[in-house]
Amino acid sequence: MQRPCLPLAVVLIAGLSLAKAVEVEVHGKDNETCIYAILSVNFTVHYEGNGTMENTTFWLPNSISSNGSVCGGNNSAPLLKMNFGTGHSLSLNFTQSAGEFNGDVLIFTYNTSDAKLFPGAKNKSVKHVSVNSLMEPAPLNTIYTCRSVKAIESEAVVMVFWNVSIQAFVENGTIGKNESFCKADMPTTVAPITTSTAATVTPIPTKPPPELPEVGNYTVKNGSDPCLLANMGLQLNITYTENKTHLVNIDSNSTASGHCGDKDATLVLEDMDTTIQFHFTVDQSKFFLKEVKVNISLVINGSTTAFNSNNSNLKFWQAFVGSSYMCHKEQTIVVTEQLVINTFNVRVQPFEVKNGTFSRAEQCKTNEKYIVPIAVGAALGAIILIVLVIYIIGRRLNYSDGYEQF
Ligand SMILES: *[C@@H]1O[C@H](CO)[C@@H](O)[C@H](O)[C@H]1NC(C)=O
Ligand SMILES: *[C@@H]1O[C@H](CO)[C@@H](O)[C@H](O)[C@H]1NC(C)=O
Ligand SMILES: *[C@@H]1O[C@H](CO)[C@@H](O)[C@H](O)[C@H]1NC(C)=O
Ligand SMILES: *[C@@H]1O[C@H](CO)[C@@H](O)[C@H](O)[C@H]1NC(C)=O
Ligand SMILES: *[C@@H]1O[C@H](CO)[C@@H](O)[C@H](O)[C@H]1NC(C)=O
Ligand SMILES: *[C@@H]1O[C@H](CO)[C@@H](O)[C@H](O)[C@H]1NC(C)=O
Ligand SMILES: *[C@@H]1O[C@H](CO)[C@@H](O)[C@H](O)[C@H]1NC(C)=O
Ligand SMILES: *[C@@H]1O[C@H](CO)[C@@H](O)[C@H](O)[C@H]1NC(C)=O
Ligand SMILES: *[C@@H]1O[C@H](CO)[C@@H](O)[C@H](O)[C@H]1NC(C)=O
Ligand SMILES: *[C@@H]1O[C@H](CO)[C@@H](O)[C@H](O)[C@H]1NC(C)=O
Ligand SMILES: *[C@@H]1O[C@H](CO)[C@@H](O)[C@H](O)[C@H]1NC(C)=O
Ligand SMILES: *[C@@H]1O[C@H](CO)[C@@H](O)[C@H](O)[C@H]1NC(C)=O
């Protein structure tokens, strides 16, 4: 009954690297942001090569230009155009009605005369593929977010999207604080992506020893200025059935993104199969980690399973705004019963980063678990007192016995 799982384990480990999230903003008059998007896409194109049909796969690269994008106005729809490579582009225009916005037509344009992406192509020409099913309607002033993988197939092209966040019709140049999630991201999603009968769950064999995660240095920028810094090693401990756990170390090369505000800041770490979102907030003069969201795909018993965990009632990593929080010892953040994050060598500063460096650090022992030190201190004090009393009584007895001490 048990299938060999070794290749799947290899896929899982190999898959935990390489993530390309592309961020783009379109600015209108007064430089105000009118369209904001962050997304990961890979394209597979079937084309006629030298005698045979070929497939080519490439990612939407980080270096794109948004030339040709328009904010839209009374008579024109907003258009997001992402140009890349030599003559390729991905564009999406938007509509709005009844307090909601939606993507309208998505056009992928590719140029087979690009010998890098289309080696040996017989017909060198510019081709277009258009579909209209990338987004679902989202309320205005929210960020439409879809972390789930969505594959769109049309003619000779397969486009795979994931970790998509889009906002059009941005008001006053301020990107929305709230996200509206696509249906695929909605809760009750401890569901397998591929349907499978819940049969024997074989743990992945040849499990590597639980090495400690590498410490990643992550930066979120506001324009070109770093506005959030986080150095930390992260390990996920996922309970996928009763008593069966799986450890995943987060790649220290994960892509960091997010945004910074006065009272709220987010850090999003992504690699191919994992997205972790940290939400920091300010209460009075202190900041703390309030919310963690984790989406991860794991291959368990031969099928890919998505785990989505979220906890917005946390209070970790608290420090004064203007300083950084630091903790060398391992900490455990319980996100859900199913998912726990072990953190190592944390240093974070989500607010008021000056000059791209951490400010003065507040160490964890000074502001957390101080009940334990107090208890230990009280116990030590009691022991010292007892020792002192015994010593004094001892001296008195010695005197009464007539001995000299010195
Ligand atoms: C708009 O932004 C560009 C680059 O970000 C900058 O060079 C330019 O001065 C800005 N213009 C205004 C009016 O703020
Ligand atoms: C494209 O991305 C999807 C989602 O991450 C992944 O499953 C698929 O293997 C990728 N395709 C290629 C050819 O890399
Ligand atoms: C096409 O294939 C033929 C025979 O396999 C070869 O001689 C020719 O150089 C190839 N042309 C290109 C452009 O690769
Ligand atoms: C190319 O992709 C098509 C459709 O996805 C698939 O049927 C075909 O087997 C692929 N061909 C090669 C050579 O990988
Ligand atoms: C953007 O488009 C304008 C006009 O179409 C052109 O002059 C300019 O060179 C383009 N810039 C880039 C970076 O392609
Ligand atoms: C849009 O219409 C309003 C009123 O009809 C007008 O004041 C505004 O200038 C128009 N905007 C553009 C970009 O044409
Ligand atoms: C979006 O672009 C397509 C193709 O260019 C066009 O047919 C459609 O009318 C546009 N939608 C809007 C709302 O302008
Ligand atoms: C944009 O600015 C206007 C006027 O200052 C205000 O009424 C409106 O609420 C603002 N919208 C957002 C989304 O901040
Ligand atoms: C991360 O930052 C720490 C402290 O600032 C530094 O010692 C370490 O070399 C950095 N690591 C990388 C990979 O840049
Ligand atoms: C992972 O979680 C399980 C169950 O809560 C626990 O027994 C195990 O010690 C944890 N492992 C690590 C490395 O934290
Ligand atoms: C991270 O990137 C660096 C430099 O690109 C590379 O040397 C290192 O092997 C990568 N680490 C992992 C775990 O992929
Ligand atoms: C910012 O950093 C640079 C280079 O490390 C340094 O020369 C400069 O004095 C710093 N500025 C402030 C305000 O700390």
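Both counts, for ligands and for their atoms, begin at 1 and track the order of listing. Quantities reported herein were computed from a predicted structural model and do not represent experimental measurements.
Residue-ligand proximity, Asn237 to ligand 10, at heavy-atom distances under 4.0 Å covers atoms 1 (C), 2 (O), 3 (C), 8 (C), 10 (C), 11 (N), 12 (C), 14 (O). Taking a cut-off of under 4.0 Å to the non-hydrogen atoms of Asn231, the atoms of ligand 9 that pass are 1 (C), 2 (O), 3 (C), 4 (C), 5 (O). Which parts of ligand 7 touch Ala77 is read off a 4.0 Å heavy-atom cut-off, strictly below it: atoms 12 (C), 13 (C), 14 (O). Near Thr245, meaning under 4.0 Å from any of its heavy atoms, are these atoms of ligand 10: 2 (O), 3 (C), 4 (C). Of all the atoms in ligand 7, the ones that sit under 4.0 Å from a non-hydrogen atom of Asp104 are 1 (C), 8 (C), 10 (C), 11 (N), 12 (C), 13 (C). Residue-ligand proximity, Leu247 to ligand 10, at heavy-atom distances under 4.0 Å covers atoms 13 (C).
No side-chain heavy atom of Val268 sits under 4.5 Å from any side-chain heavy atom of Ile276. Between Leu60 and Phe84 there is a side-chain heavy-atom pair separated by less than 4.5 Å. Side-chain contact check for Met159 versus Leu90: some heavy-atom pair is nearer than 4.5 Å. At least one side-chain heavy atom of Trp162 sits less than 4.5 Å from a side-chain heavy atom of Val160.
Proximity of atom 7 (O) of ligand 9 to the protein is not indicated, since no non-hydrogen protein atom lies closer than 4.0 angstrom. Distance remark: protein heavy atom present below 4.0 angstrom from atom 11 (N) of ligand 7.
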### Task
Just do the side chain to side chain donor-acceptor pair (under 3.5 Å) check on Lys221 and Thr219 with the steps written out, would you?
CA-CA 6 Å; Lys221 288 184 177 168; Thr219 305; over 6 Å; no
### Task
Kindly indicate, with the supporting measurements, whether the criterion ring pair (Phe, Tyr, Trp, His ring centres under 6.0 Å) is fulfilled by Phe280 and Phe288.
CA-CA 6 Å; Phe280 299 90; Phe288 61 95; 9.2 Å; no
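With a heavy-atom cut-off of 4.0 Å, Asn342 touches ligand 10 through its side chain alone.
Remark: ligand 10 and Gln235 share no N or O pair separated by less than 3.5 Å (distance only, no angle test). The distance criterion of under 3.5 Å between nitrogen or oxygen atoms is not met by Thr95 with respect to ligand 7.
Centroid-to-centroid, the aromatic rings of Phe307 and Tyr240 stay 6.0 Å apart or farther.
A donor-acceptor contact shorter than 3.5 Å links the side chain of Asn311 to the backbone of Val335.
Of the candidates Leu106, Leu92, Asn102, Ile107, the one placing a heavy atom closest to atom 5 (O) of ligand 7 is Ile107. Comparing heavy-atom distances from atom 1 (C) of ligand 7 across Leu79, Asn75, Asn93 singles out Asn93 as nearest.
With hydrogens left out, the protein atom closest to atom 2 (O) of ligand 9 is Asn217 ND2, 2.4 Å, a heavy atom.
The 12-atom threshold is exceeded at NZ of Lys124, counting heavy atoms of other residues, nucleotides or ligands nearer than 6.0 Å.
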